[in-house]
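Report on the structure given below.
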Amino acid sequence: IDMQIKKTGKLFSFCCIAPAIIKEKNISIINDLSSIGSEIGLLFQISDDLLDYKGSSKIVGKKTKKDIKSGKATLINLMGHDKSIEFAYNLKNKIISKAKKYDKKSNNLIESLEIITGRSF
């Protein structure tokens, strides 16, 4: 999980904090948004791994089963398919709960979570 947070999580974290920095929000909001972004990055990576594991190349739009063939460390390898889906579902709900405190401003973010997870679980 650490690799996914450092990789994809940093990208999503930056995307979440950049508007807050531009708007000169306080550090607690920036830290909160950074955490949300890191969790979105992890959710994105898990969803991508689930698609690679169970998805069809025609539907996904890229080759699948690459992680298994290359021996890549994924959450699915550690926890199994079903537990990974459960973990991702719980993570998604955790992110939604955190985001909802920003009221209507979080609607687009929550919609994005549906897009991220829509094809994987």
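In this structure, the side chain of S13 engages the main chain of S34 through a donor-acceptor pair within 3.5 Å. The backbone N or O of T64 lies less than 3.5 Å from a partner atom in the side chain of S57, making a donor-acceptor pair. Between the S47 side chain and the L43 main chain, a donor and an acceptor come within less than 3.5 Å of each other.
The side-chain heavy atoms of I95 and I36, taken from C-beta on, include a pair separated by under 4.5 Å. Side-chain contact between L78 and F87 is absent, with no heavy-atom pair separated by less than 4.5 Å. Within the 4.5 Å cutoff, the side chain of Q45 has no heavy atoms near those of the L75 side chain. Between C16 and I40 the shortest side-chain heavy-atom distance falls below 4.5 Å. Counting heavy atoms from C-beta outward, T74 and N77 have side chains that approach closer than 4.5 Å.
Legend: salt bridge (charged side-chain N to carboxylate O under 4.0 Å, His left out) pairs involving residues 74-87, not counting sequence neighbours: none detected. Screening residues 38-48 for salt bridge (charged side-chain N to carboxylate O under 4.0 Å, His left out), with sequence neighbours left out, gives E39-K94, E39-K98, D48-K62. Applying the salt bridge (charged side-chain N to carboxylate O under 4.0 Å, His left out) definition to pairs two or more places apart or across chains, those involving residues 110-121 are K92-E114. Residues in residues 29-59 take part in these ring-ring contact (aromatic ring centres under 6.0 Å, His included) pairs, two or more places apart or across chains: F12-F44, Y53-H81.
Residues I21 and F14 do not share a hydrophobic cluster, clusters being chains of Ile/Leu/Val/Met/Phe/Trp/Tyr side chains in contact below 4.5 Å.
Look at D52 and K72 and you find no salt bridge, because none of the NZ, NE, NH1 or NH2 atoms lies under 4.0 Å from a carboxylate O.
Applying side chain to side chain contact (heavy atoms under 4.5 Å, CB included) to I85 and the options I46, T117, L50, I76 leaves one that passes, L50.
For C15 against P19, the heavy-atom pair with the smallest separation is O-CD, 3.3 Å.
Residues passing the side chain to side chain contact (heavy atoms under 4.5 Å, CB included) test with S112: none are found, sequence neighbours excluded. With sequence neighbours left out, N26 forms a side chain to side chain donor-acceptor pair (under 3.5 Å) with S28.
Atom CD in E24 sits 9.5 Å away from atom CD1 in I30 (nearest 0.5 Å). For the atom pair NZ (K100) and CG (N107), the distance works out to 9.0 Å, reported to the nearest 0.5 Å. The line from CG of L113 to CG of N108 is 11.0 Å long, rounded to the nearest 0.5 Å.
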Step-by-step side chain to side chain contact (heavy atoms under 4.5 Å, CB included) determination, L33 to Y102:
CA-CA 10 Å; L33 293 172; Y102 295 101; 4.1 Å; yes

